[in-house]
Amino acid sequence: MDLRLLQVFKSVVECGGMSAAELELNIGTSTVSRHMKDLETRLGLTLCRRGRAGFALTAEGQRVYDETLRLLASVRSFRDSIDDIHSRMGGQLAVAIFDKTASNPAARIGQAIAAFTAQAPDVQLQLHVGSINAIERGVMDGSYQVGIIPAHRSSQSLAYADLFAETMLLYCGVGHPLFGVPAGAQAAPADWHAVRSYQFAGLGYHSPNMELSHQARLARAATGFDQESIATLILSGRFLGFLPDHYAEAFERQGLMQAVNPALFHYSCQFVSLMRRSPAPARAAQAFAQCLEDVHRPGR
């Protein structure tokens, strides 16, 4: 019962309120409210504020939420260990992927999923999309069992394997002074110094994007927290920004976006898989990671 109440609490927090959690949990709002009150009574704490101002966690509620995530991750690890004892692969496998990889022809994640589900039909696969930092934290705390991100730093707590590459180009949108200017034209920027005179939109967390912008001394005039937000800023016509070439291709075909001197303003990202070193990943996580490596072997 305590675990059930904590799962309800987790859903309420992540949905932003009891009414929103009703659809997620498939139970009525009154039942959600009763479960929340029962949990507060059992813990002797006020976990959230509810009223006209909306839903908000108390300081104690935030701590209980953080501990809930750790506890539920431990429960999942326990279940995985029992499956290992029985030499079977079952339960749930949470995989987190950095956004906008589906359109990359080099990212054969779909092939890896097909191979894995053939091996482990009893495993319920959960696919998440998140920022690099959120995926790293999730793998470390057990919320995710496997992550797929652009390589940008390493941690001794995580095990990495190379997967595929991605090309990033600098783009501008319709209405930008550089839109329609061909590479090599007098008005086109010929070096990084010339690019610095235009407003730049970059990612607001540690990533290859942030490393490149620091190296090139591109000061962020606007900040995004995923590729879609960077694309939206570029489409405003006010900012330059880096995007994966495969993702920007659709905007280019529509005449909404243009690469700026791509022979010069580009960089490459190497994507890696990551898993927690300790405790050892469950058999399902290891099998999925192996499927990822297999489909990305040279010559495949």
Side-chain angles (χ1 to χ4, degrees), residues 14 69 72-73 76 80 89 91-120 123-155 157-168 202-211 224-232 241-250 267-277 281-297 300:
E14 293 175 355
L69 294 182
L72 294 179
R76 186 185 302 115
D80 291 342
M89 287 189 283
Q92 297 176 341
L93 179 68
V95 178
I97 307 175
F98 187 60
D99 71 317
K100 299 299 178 287
T101 58
S103 55
N104 186 347
R108 302 171 187 147
I109 299 171
Q111 294 179 33
I113 290 173
F116 173 75
T117 53
Q119 290 182 31
V123 175
Q124 183 187 17
L125 192 61
Q126 297 180 341
L127 208 58
H128 302 259
V129 174
S131 69
I132 297 175
N133 294 0
I135 293 172
E136 288 174 322
R137 287 196 304 269
V139 172
M140 286 182 175
D141 68 23
S143 299
Y144 309 132
Q145 284 72 62
V146 183
I148 302 171
I149 63 169
H152 67 121
R153 61 185 175 190
S154 60
S155 166
S157 300
L158 299 172
Y160 303 87
D162 286 340
L163 297 179
F164 58 90
E166 180 173 79
T167 299
M168 305 289 292
L203 292 175
Y205 52 82
H206 196 278
S207 59
N209 181 289
M210 179 177 281
E211 289 179 353
F225 291 90
D226 52 37
Q227 305 284 30
E228 182 124 0
S229 59
I230 297 297
T232 303
F242 282 97
L243 288 175
D245 58 354
H246 57 84
Y247 172 53
E249 184 181 1
Y267 66 96
S268 180
C269 284
Q270 177 65 39
F271 275 70
V272 297
S273 65
L274 59 153
M275 292 191 298
R276 191 166 59 175
R277 290 187 184 277
R283 291 178 64 243
Q286 294 181 43
F288 187 85
Q290 188 61 56
C291 288
L292 284 171
E293 292 183 49
D294 289 345
V295 301
H296 289 102
R297 290 190 192 283
R300 286 295 297 263

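- Rounding to the nearest 0.5 Å gives a distance of 6.0 Å between CG of Leu243 and CE of Met168.
- At a threshold of 4.5 Å between non-hydrogen side-chain atoms, the residues Leu292 and Val146 count as touching.
- Taking each heavy atom of Phe242 and Gln227 in turn, the nearest pair found is O-OE1, 4.3 Å.
- In this structure, Ile148 and Ile109 have side chains that are in contact, with non-hydrogen atoms separated by less than 4.5 Å.
- Under the ring pair (Phe, Tyr, Trp, His ring centres under 6.0 Å) criterion, His152 pairs with His206, not counting sequence neighbours.
- Every side-chain contact (heavy atoms from CB on, under 4.5 Å) that Ala159 has, sequence neighbours left out, goes to Arg277.
- Legend: ring-ring contact (aromatic ring centres under 6.0 Å, His included) pairs involving residues 126-145, not counting sequence neighbours, sorted by first then second residue: His128-Tyr144.
- Ser103 meets the side chain to side chain donor-acceptor pair (under 3.5 Å) test with His246; sequence neighbours excluded.
- Side-chain contact between Gln270 and Pro150: absent, with no pair of heavy atoms (C-beta onward) separated by less than 4.5 Å.
- Side chain of Gln145 to main chain of Ala94: a donor-acceptor pair is present (N/O by atom type, distance under 3.5 Å, no hydrogens or angles).
- With a 4.5 Å cut-off on side-chain heavy atoms, Phe225 and Ser131 do not count as touching.
- Contact check for Leu127 versus Ile113: side-chain heavy atoms found under the 4.5 Å cut-off.
- In terms of the side-chain contact (heavy atoms from CB on, under 4.5 Å) criterion, residue partners of Ala106 (sequence neighbours excluded) are, by chain and number, Asn104, Phe164.
- For Tyr160, there are no ring pair (Phe, Tyr, Trp, His ring centres under 6.0 Å) partners at least two apart in sequence or on another chain.
- Side-chain atoms of Glu136 and Ser155, non-hydrogen and from C-beta on, never get closer than 4.5 Å to each other.
- Contact detail for Ile135 and Ala96: the closest heavy-atom pair is CG1-CB, 3.7 Å.
- One distance of note links CD of Glu228 with NZ of Lys100; it measures 4.0 Å at 0.5 Å rounding.
- Atoms CG and OG1, on Leu163 and Thr101 in that order, are 10.5 Å from each other to the nearest 0.5 Å.
- With rounding to the nearest 0.5 Å, the separation of CG in Asp245 from OG in Ser268 is 9.5 Å.
- Between the CD atom of Gln119 and the CZ atom of Arg283 there is a distance of 9.5 Å, given to the nearest 0.5 Å.
- At a threshold of 4.5 Å between non-hydrogen side-chain atoms, the residues Phe98 and Ile132 count as touching.
- The side-chain heavy atoms of Val123 and Phe288, taken from C-beta on, include no pair separated by under 4.5 Å.
- Identified under the salt bridge (Lys or Arg N to Asp or Glu O under 4.0 Å) test for residues 157-168, with sequence neighbours left out: none.
- Ser207 meets the side chain to side chain donor-acceptor pair (under 3.5 Å) test with no other residue; sequence neighbours excluded.
- Listed by chain and number, the residues in a side-chain contact (heavy atoms from CB on, under 4.5 Å) with Ala151 are Val272 (sequence neighbours excluded).
- The two atoms that bring Gly204 and Met210 nearest to each other are C-CE, 3.6 Å, heavy atoms only.
- With sequence neighbours left out, the side chain to side chain donor-acceptor pair (under 3.5 Å) criterion links Glu293 to no other residue.
- By the side-chain contact (heavy atoms from CB on, under 4.5 Å) test, Ala115 is found to be paired with Cys291, residues two or more places apart in sequence or in another chain being considered.
- Using a distance-only test at 3.5 Å, with no hydrogens or angles considered, no donor-acceptor pair links the side chain of Asp99 to the main chain of Asp226.
- Atom-to-atom distance recorded for Ser273:OG and Leu158:CG is 10.5 Å, nearest 0.5 angstrom.
- Here Gln290 pairs with Asp294 under the side chain to side chain donor-acceptor pair (under 3.5 Å) rule; sequence neighbours left out.
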